[in-house]
Amino acid sequence: MRPFELTAPATVEDALAEPGTFLAGGTTLVDLMKLNVLTPQHVLDINALPLRGIDTSDGLRLGALERMGDIARHPGVYPAVSRALLQSASQQLRNMASIGGNLLQRTRCTYFRDVAMPCNRRDPGSGCPARSGANRMHAVLGTSDSCVATHASDVAVALIALDARVTLAGAGGTRTVELADFYRLPGDTPQVENDLRPGELITEVVVPRLDWAANSTYVKVRDRQSYEFALCSAAVALDVRDARIVDARVAVGGVATVPWRLRPVEAALRGAPVSQEAFESAAAVATEGAAPLSGNGFKLPLLRRTIVRALRELTEGSRA
Amino acid sequence: MTNRIDGPLKVTGRAQYGLDHNFPGMLYGYVVTSTIANGEIVAMDVTAAKSAPGVVAVYSPFDPLTLRRPNSPMLGETWVPLQDRDVAYYGQPVGFVVAQTYEQARDAAMLVEVSYAERPARTSLVDNLDLAEDGPPAMDGTPPTHAVLAPGVESIEDALAASPVVVEGTYSTATQNHAAMEPHSAVAVWDDDANDNDANDNDANDNDANDNDANDDDDTNNGLTIYSGNQGASFQQEDMAAALEVEPSSVHTINPFVGGAFGGKGSTSVPAFLAAAAARALGRPVKAALSREQVFTATANRAETLQKVALGADRDGTLIAVRHDSWCSAALDRSFVEQTSHTTSGEWYATRNLATTQKVVPLTIPRTTFMRAPGEAPGSFALESAMDELAVALDMDPIELRMRNSSTGPVGSDLQWSSKYLDDCYRIGAERFGWSQRSATGREDGDWLVGMGMASAFFPALRFPATTEITLRADDTAVVSVGGADPGTGLLTVMSLIGAESLDIAVERITPRLGRSAYPPGGLSGGSTATASVGSAIMVAASAVIDDLQALASAPGGPFEGQDVTYADGRVLAGGRSMTFGELLTALGRESVSATGSSAPGEELTKHSFSSFGAQFCEVRVHRWTREARVSRMLGVFDAGRIINEKAARSQLMGGMIWGVSAALHEGLEIEGNGRLANADLAGYLLPVNADIPEVDVHFVQHPDTLHNPVGARGVGEIGTVGMAAAVANAIHNATGIRVRHLPITIEDLLDDEVS
């Protein structure tokens with residue numbers, strides 16, 4: 001960690017007026033500062049900003065500084081969102097980490113986190129050791145020659161499945177962006193991870209109302225039972241009537257460079273019967289175009305199986 | 001059932017570990033580590049680091065602190081840093097930055113630029129088997145290539161060929177790190193700067209309620225005082241003295257509390273050497289600690305192993321031939337060899353024919369060392385998986401197979417086990433665990449596949465020479481002291497219990513003390529030996545101090561002058577009168593009477609073989625679709641002689657069993673081709689969390705083994721981890737039909753064809 005200047009603006013306007021790196025829960029920023037991966041000279045502690053509130057009266061509106069743990073416990077939060085949060089990190093981290101910060105968390109790629117190693121995301125043009133190195137945890141979807149790192153958030157997967165939007169405040173005013181459009185594929189510029197403009201701040205996360213998302217879940221598959229990142233995860237919401245799937249939302253995590261919506265799987269499910277066969281054939285679409293690396297080929301079948309498992313869990317009792 | 005007497009101090013944060021000590025003028029050191037695995041340091045640019053805020057000194061191979069390599073008969077040679085420019089593994093300490101604050105030292109360490117002439121790294125065990133060398137003889141003298149053949153049998157291959165049923169498999173286990181909560185660290189203070197130690201070290205004395213050292217003698221002695229977690233004060237004292245070229249008597253080591261060791265703190269650590277040498281050079285106290293990431297490279301790990309096992313049996317399950325060939329990884333200095341074949345297959349089952357080999361493959365990897373059940377833990381994964389495979393091949397119950405091949409002693413040895421109730425462990429375990437409910441193909445519970453597995457556990461019963469001192473005080477309390485360590489094992493409490501029993505007084509009247517080189521040598525925390533070693537020495541010391549007490553009582557001028565004095569219940573008795581020992585001492589105008597007692601292994605070694613035994617059981621659930629394997633319950637039943645403190649012993653065994661689950665499903669250091677560790681932190685190097693460990697049951701079959709030592713206790717520290725990884729793998733096979741022969745077992749190992 002390098003010495004830095006710390007200020008604590010009290011209003012959004014003040015926060016936007018100063019150049020610097022925003023500090024919310026600190027669970028990513030402080031971690032990466034200790035590793036010298038991030039070396040900001042000026043840190044703005046935004047915890048005093050009035051970006052609070054959990055409103056479930058019409059969909060879901062979340063102040064960007066709401067803590068993951070508080071949102072997870074709040075009644076009326078869609079199950080997929082709540083479960084994704086509860087399976088994230090540890091209780092201690094959930095008590096600190098903000099929802100806005102969660103969406104901006106950096107990848108857990110071992111090379112990104114080690115300044116002794118090259119990394120195109122941290123140091124553009126320096127190379128990507130993960131392509132031939134320890135890549136069991138890495139992505140199979142949305143990858144490029146320059147970067148194969150996974151996006152680590154669980155809740156972003158659930159939010160993307162449910163068409164969430166983020167509200168961004170900047171010096172030039174406020175704008176709203178679909179979360180699905182917010183994240184950028186690495187391409188040739190893996191250092192650009194999202195649509196945030198310099199100095200912009202996430203102020204709110206909004207999930208539009210979707211009543212049948214009461215029938216939603218988040219399945220997370222990992223190497224231990226708690227406090228571990230996903231090898232593969234699936235957020236699924238299903239609208240089931242008379243043993244047929246009327247509509248579906250499916251997004252997956254742990255397998256892609258950004259939280260990954262699977263509209264082709266949704267299309268395959270729409271109108272399908274509630275049956276193991278239909279689930280397997282819809283899940284088979286999930287890995288089209290996937291590009292496994294030397295150590296993570298197992299993620300392709302695992303991804304299909306994770307989707308099948310989520311579909312089975314949502315249709316317990318209504319399956320043929 | 002006795003609570004740990006240091007428990008309240010630990011859970012309230014008042015126990016002061018090495019790193020918790022602070023002194024006026026203290027400096028902080030931070031270690032710089034290499035970013036290549038093999039080569040030579042050509043240059044180190046320390047200009048920026050030296051001019052960084054607060055920096056006092058930057059040491060490197062170009063500007064070293066002089067240190068000599070200690071060599072101990074038990075632990076071998078200990079590597080010391082900065083003495084040459086060779087780099088033998090990634091993450092090797094190559095520099096040491098000392099500054100006014102920890103943060104300044106850490107920040108400046110990041111500014112050190114190292115240039116290397118790099119040579120190719122060699123990190124894979126399986127890819128470098130052509131470099132294998134014979135290992136050294138095993139602890140019992142067994143050579144690295146060893147065979148016991150029945151009369152008329154020419155070779156183990158002939159014996160296998162003549163066996164009606166044969167199973168063969170190649171097994172591998174991963175490199176592991178001890179990952180103790182307390183990182184390797186030290187605070188070093190030399191006499192000149194220690195003059196005001198005691199005044200400022202008051203909280204150390206305050207909180208050592210168990211350490212009762214107000215009138216201790218060592219804090220202000222001349223020389224070096226070092227506060228650093230270790231596994232035995234005298235070992236660290238000797239290491240430091242040799243490294244710094246001073247007399248052992250001028251090194252005082254203090255470690256009443258150790259935040260986990262598990263074999264990883266037997267040898268003195270890099271921060272201790274560097275802090276002591278820098279403190280001497282700079283004339284100020286120095287504190288140094290490894291970062292969590294550095295603990296994975298700059299200490300030493302458990303070796304990776306590769307093992308080939310072949311078992312030949314008759315159709316009734318009787319073993320005819322056992323062949324076990326082992327390879328282990330080692331650093332280029334070959335400082336430690338993980339002995340997996342002879343330590344398991346050489347002892348566990350009766351067989352007419354046995355052949356074992358032990359090879360070592362030197363690689364450009366961090367050093368290897370003892371880790372909880374060195375040899376037996378990975379070795380048992382191979383042997384006990386193979387036994388399960390044999391049971392499957394024979395269509396026989398795995399417990400029945402093991403009971404059929406019960407050993408009466410090591411294979412080929414005339415010395416029988418002193419006391420062995422392993423069959424009781426199997427029987428009781430099967431009953432408690434509901435083994436009769438197990439089907440050969442597991443069962444289903446919704447979308448979960450459920451299986452049961454078991455394995456045997458052996459760990460040699462050892463003890464080492466130990467000396468203890470007992471002081472009886474005029475206030476009717478007694479102090480029992482030994483230099484050894486209690487890294488969470490419960491030795492301190494055991495000393496109270498055995499002291500109370502030996503002196504025939506209440507346990508509350510015993511003050512146990514350990515963790516200082518000023519105390520008598522002994523009580524190394526290693527080899528599961530501390531209770532037997534220290535306990536036996538306490539019995540001798542108690543007898544000696546009671547003799548002295550009786551002599552004082554009956555001596556001329558004593559209250560029982562000329563009488564035949566006996567001792568019971570903390571009192572001296574003669575002629576119908578009695579006095580407590582405190583009253584006697586008061587009457588004599590004495591504050592105390594002390595005696596030391598020593599005990600060591602001896603003649604018993606020529607009469608019997610000694611081991612602890614156990615049976616491990618576990619139930620594993622594997623998800624039909626996503627294939628996670630989760631342990632749902634486990635049980636260990638152990639024959640470890642007499643159990644001194646059942647509560648602490650149970651904790652020790654639970655910890656060992658959890659460690660076995662960890663080895664089975666979680667832990668494994670991934671060493672990349674260039675030598676870098678891909679997962680050297682606690683986010684990447686997985687240990688089980690509470691959610692992974694639902695239910696652990698421990699049961700003892702208690703038969704005191706007084707043929708081994710007067711206390712009758714054998715060790716419990718390590719046997720808990722032995723066999724458990726195999727029990728997990730065997731349960732996974734039972735649940736899924738999939739046999740995994742490597743550790744850790746992860747999801748990709750268990751994918752089947754159900755959803756392609």
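First the proteins, then the strands, lettered A, B, ... as listed; each starts at 1.
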Could you report the tightest heavy-atom contact between [X] and [Y], atom names first, then the distance?
X: B/L751; Y: A/P301; result: CD1-CG, 4.0 Å
X: A/R224; Y: B/L682; result: NH2-O, 4.1 Å
X: B/E672; Y: A/G133; result: OE1-CA, 4.2 Å
X: B/A678; Y: A/T110; result: O-OG1, 2.9 Å
X: B/T626; Y: A/L302; result: O-CD1, 3.6 Å
X: B/D692; Y: A/Q225; result: OD1-N, 2.8 Å

Side chain from CB out, backbone as N, CA, C, O: work out which of these in [X] comes under 4.5 Å of a heavy atom of chain B, or both, or neither.
X: A/L303; value: neither
X: A/F229; value: neither
X: A/D223; value: both
X: A/M137; value: neither
X: A/L231; value: side chain
X: A/E228; value: side chain

Could you walk me through whether A/Y111 and B/R676 pass the side chain to side chain contact (heavy atoms under 4.5 Å, CB included) check? CA-CA 11 Å; A/Y111 305 104; B/R676 175 180 178 271; 3.2 Å; yes
Rounded to the nearest 0.5 Å, what separates atom [atom1] in [X] from atom [atom2] in [Y]?
X: A/E280; Y: B/W625; atom1: CD; atom2: CH2; value: 5.5 Å
X: B/T746; Y: A/R222; atom1: OG1; atom2: CZ; value: 16.0 Å
X: A/Y227; Y: B/L686; atom1: OH; atom2: CG; value: 11.0 Å
X: B/M110; Y: A/R2; atom1: CE; atom2: CZ; value: 7.5 Å

Donor-acceptor pair, A/S226 side chain versus B/A691 backbone, under 3.5 Å? no
Does the pair A/R309/B/E628 count as a salt bridge with the N-to-O cut at 4.0 Å? yes
Salt-bridge present (B/E748, A/R136; N to O < 4.0 Å): yes
Under 4.5 Å from a heavy atom of chain A, the part of [X] involved:
X: B/I671; value: neither
X: B/A683; value: both
X: B/E293; value: side chain

Highest number of heavy-atom pairs under 4.5 Å with chain A: which of B/D681, B/N690, B/D447? B/D447
